[in-house]
Asks: 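Okay, here's the structure, questions in a sec.
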Amino acid sequence: MNYYSTNNKNLSVSFREAVVKGIAGDGGLFMPSYIPKLSEKFFNEIDKLSLIEIAYEVSSRFIENEIPKNDLQTIVDRSISFDVPLVRLSDNLSILELFHGPTLAFKDFGARFMANTLGYFLQHENDHVTILVATSGDTGSAVANGFYKVDGINVVILYPSNKVSEIQEKQLTTLGENITALEIEGTFDDCQKLVKAAFVDQDLIKNKKLSSANSINIARLLPQSFYYFKSYASLKSLNKKVVFSVPSGNLGNLTAGLFAREMGLPAFHYIAAANANDVFPKYLTSSIFDPKPSVKTFSNAMDVGNPSNFARILSLYNNDYEKIKKTIYGASFSDTDTLEAIKNIHSKYGYTIDPHGAVGCLAFDEYSRKFKDENVAGVILETAHPAKFLDVVNLSVKDEIKIPARLEDSMKKEKRSILMRNDYKDFKEFLLHHK
Ligand SMILES: *Cc1c(COP(=O)(O)O)cnc(C)c1O
């Protein structure tokens, strides 16, 4: 399988090159040259397959012979080492719990798969490789966790100062070893800009082997399609039209779902659920994509003003706006709505949902009221454990939320970060002197 750049369809690189580089030299995102179709047999038997089996089948189609069978199996086994329960709240509403990984958010899927794939490709390199990650909260810790103590790899995390929760910050800043946290005086978009600037800085890349671990790395995107297949398999016997509601920021999770559909998954519709950062839902109603600075909300992992995977969605659909609009429904909600939803879901179903999942529920609710289709089964992607956002959840739900042990451990440790201005010169200087 070859990969092109969203800025240049004629570019053609191997999977390895796409993964190691992260982003194309022209600043574009890598895309597979075609989306492989899975066989009818695969879909007929899908309800008998484990998540690992699905993951292997899907990923092998994008990687082909670039990673031998046994090695790919090892990567899959190591990365997808936790479950994705689908909790049925009612006949037409289910919650897909994507937070059973080590850092309690769905980013563990992409981050671990990418870390293991990159580790595999770089195992014989002499130079240290520096992985740059801009994070609005959850990516950083998932990536850092995936690479923790991996020989030959350093991870530099950039996060916006005062714009992540205390728990998120602890997860980002307490690992140590080969992981360094930069606390940037700016927004997530500023962090993302600094990273992007580094990748096109010829002077810097001559001196430093850089790779990216944002949702822009293709090895982070692909594994996020696995659980769409798995949840469809669990609902298959209902014979309903499956609609996925995806709490969205950079649109990586949604794009992976769209990949699954192009591979043959009979997904009826997708919902892009957003908070006040509503650039993508606005595009879906107006056809105008108008990036804006991000604003801070309770569902902070979705506080993105210029979603990077938009370029991939355009490529996937050949810039066909009508087709995109037909496949994806967009909706956005305020923090007040979010708190109300957390409360309602708790009192109606006894289920405690996190602020991101709550936005997903609100969007599915709006969708249901609008289309009134009894034959739809909604799957809400619950992207984080509620304990990660206790301050917000507790504004709505007074019950005690049990904090998982793996989270409590990092809360006890001391924060270690380097405070930095939002200034590319400072960032470059730091990178040049970082071992
Ligand atoms: C990253 C994240 C999102 C947004 O996912 P994208 O792929 O960036 O759209 C939603 N919820 C949580 C908890 C996240 O960490």
Side-chain angles (χ1 to χ4, degrees), residues 29 95-114 133-145 157 159-160 163-165 167-169 171-172 188-189 191-192 213-218 220-225 227-228 244-260 270-275 277-281 294 297-313 328 330 332-333 338 342 353-363 380-390 392-393 407:
L29 280 65
I95 307 285
L96 183 61
E97 292 185 343
L98 299 175
F99 55 69
H100 292 268
T103 70
L104 299 97
F106 87 97
K107 301 262 184 353
D108 281 326
F109 283 89
R112 296 175 75 74
F113 188 85
M114 185 198 56
V133 202
T135 184
S136 57
D138 288 327
T139 311
S141 47
V143 170
N145 232 279
I157 307 170
Y159 73 96
K163 291 190 180 64
V164 302
S165 76
I167 292 177
Q168 286 174 326
E169 186 166 40
Q171 286 187 312
L172 291 171
F188 167 66
D189 292 318
C191 296
Q192 196 153 258
N214 285 64
S215 50
I216 55 181
N217 193 306
I218 191 70
R220 273 209 49 204
L221 193 87
L222 298 177
Q224 292 173 1
S225 66
Y227 42 75
Y228 286 90
F244 293 100
S245 183
V246 190
S248 292
N250 252 324
L251 301 173
N253 208 1
L254 178 69
T255 304
L258 299 172
F259 271 43
Y270 289 82
I271 304 173
N275 56 31
N277 297 281
D278 58 356
V279 169
F280 189 61
S294 57
T297 75
F298 284 157
S299 43
N300 66 26
M302 293 153 46
D303 295 350
V304 180
N306 187 5
S308 46
N309 282 290
F310 180 65
R312 280 203 173 104
I313 295 181
I328 313 164
S332 77
F333 299 90
T338 306
I342 295 173
I353 200 151
D354 99 294
H356 304 80
V359 173
C361 286
L362 283 163
I380 314 299
L381 273 59
E382 169 59 322
T383 47
H385 192 291
K388 264 191 118 160
F389 300 92
L390 268 189
V392 179
V393 176
L407 187 54

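As the structure is a computational prediction, the values presented were derived from the model and not from experiment. Order of appearance sets the numbers: ligands from 1, and atoms from 1 within every ligand. Residues take their numbers from the sequence shown, with the count starting at 1. No hydrogens, no waters, no symmetry mates; every other heavy atom, side chains included, goes into these values.
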Asks: Looking at Gly252, which atoms of ligand 1 are within less than 4.0 Å of one of its heavy atoms?
Replies: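 Atoms satisfying the 4.0 Å criterion: 6 (P), 7 (O), 9 (O).
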Asks: I want to know if ligand 1 touches Asn253 in the polar sense, i.e. an N/O pair below 3.5 angstrom.
Replies: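 Among all N and O atoms of Asn253, at least one is under 3.5 Å from an N or O of ligand 1.
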Asks: Just do the side chain to side chain contact (heavy atoms under 4.5 Å, CB included) check on Phe106 and Phe99 with the steps written out, would you?
Replies: CA-CA 5 Å; Phe106 87 97; Phe99 55 69; over 6 Å; no
Asks: Please confirm whether Phe298 and Phe389 have ring centers closer than 6.0 angstrom.
Replies: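 No, too far apart.
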Asks: Below 4.0 Å from any atom of ligand 1, is there a heavy atom belonging to Phe99?
Replies: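 Contact absent.
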Asks: Which atoms from ligand 1 have a heavy atom of Ala301 less than 4.0 Å away?
Replies: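 Counting from 1, the qualifying ligand atoms are 1 (C), 2 (C), 3 (C), 4 (C), 12 (C), 14 (C), 15 (O).
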Asks: Is the shortest N/O to N/O distance between Asp354 and ligand 1 below 3.5 Å?
Replies: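 No: no nitrogen or oxygen of Asp354 is under 3.5 Å from one in ligand 1.
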Asks: Going by atom types alone, do Thr103 and Asn145 pair a side-chain donor with an acceptor below 3.5 Å?
Replies: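 There is no such pair (donor and acceptor under 3.5 Å, judged by atom type) between the side chains of Thr103 and Asn145.
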Asks: Under a plain distance cut-off of 3.5 Å, with no hydrogens placed, do Lys107 and Gln224 share a side-chain donor-acceptor pair?
Replies: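 The criterion, which ignores hydrogens and geometry beyond distance, is not satisfied for Lys107 and Gln224.
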Asks: Between His356 (side chain) and Ala384 (backbone), is there a donor-acceptor pair under 3.5 Å?
Replies: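 No.
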Asks: Considering Gly249, Ala256, Ser299, which one's heavy-atom position lies nearest to atom 9 (O) of ligand 1?
Replies: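 Minimum heavy-atom distance to atom 9 (O) of ligand 1 goes to Gly249.
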Asks: Is any N or O atom of Gln224, backbone or side chain, closer than 3.5 Å to an N or O atom of ligand 1?
Replies: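 Min N/O separation from ligand 1 is not below 3.5 Å for Gln224.
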Asks: As an exercise, identify every atom of ligand 1 less than 4.0 angstrom from a heavy atom of Phe106.
Replies: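 So the atoms of ligand 1 that pass are 1 (C), 2 (C), 3 (C), 5 (O), 7 (O), 14 (C).
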Asks: Just checking, any donor-acceptor pair under 3.5 angstrom between side chains of Asn275 and Asp303?
Replies: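 Note: Asn275 and Asp303 side chains meet the donor-acceptor criterion.
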Asks: Ignoring angles and geometry beyond distance, decide whether Leu251 reaches within less than 3.5 Å of ligand 1 through its nitrogen or oxygen atoms.
Replies: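 Yes - when backbone and side-chain N and O of Leu251 are compared with those of ligand 1, one distance drops under 3.5 Å.
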Asks: If the cut-off is 4.0 Å to any non-hydrogen atom of Ser248, which atoms of ligand 1 fall inside it?
Replies: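 Going through ligand 1 atom by atom, the ones under 4.0 Å from Ser248 are 9 (O).
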Asks: May I ask you to list the atoms of ligand 1 that are less than 4.0 angstrom from any heavy atom of Ala384?
Replies: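 By the 4.0 Å cutoff, the relevant atoms are 13 (C).
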Asks: Which class fits the ring pair Tyr270 and Tyr228: parallel under 30°, tilted 30 to 60°, perpendicular over 60°?
Replies: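 Ring orientation, 0 to 90° scale: tilted.
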Asks: Looking only at the side chains, is there a donor atom on one of Asn217 and Arg220 sitting less than 3.5 Å from an acceptor on the other?
Replies: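 Arg220 and Asn217 do not have a side-chain donor-acceptor pair below 3.5 Å.
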Asks: Distance under 4.0 Å to a non-hydrogen atom of Lys107: what atoms of ligand 1 satisfy this?
Replies: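 Answer, ordered by atom number: 1 (C), 2 (C), 3 (C), 14 (C), 15 (O).
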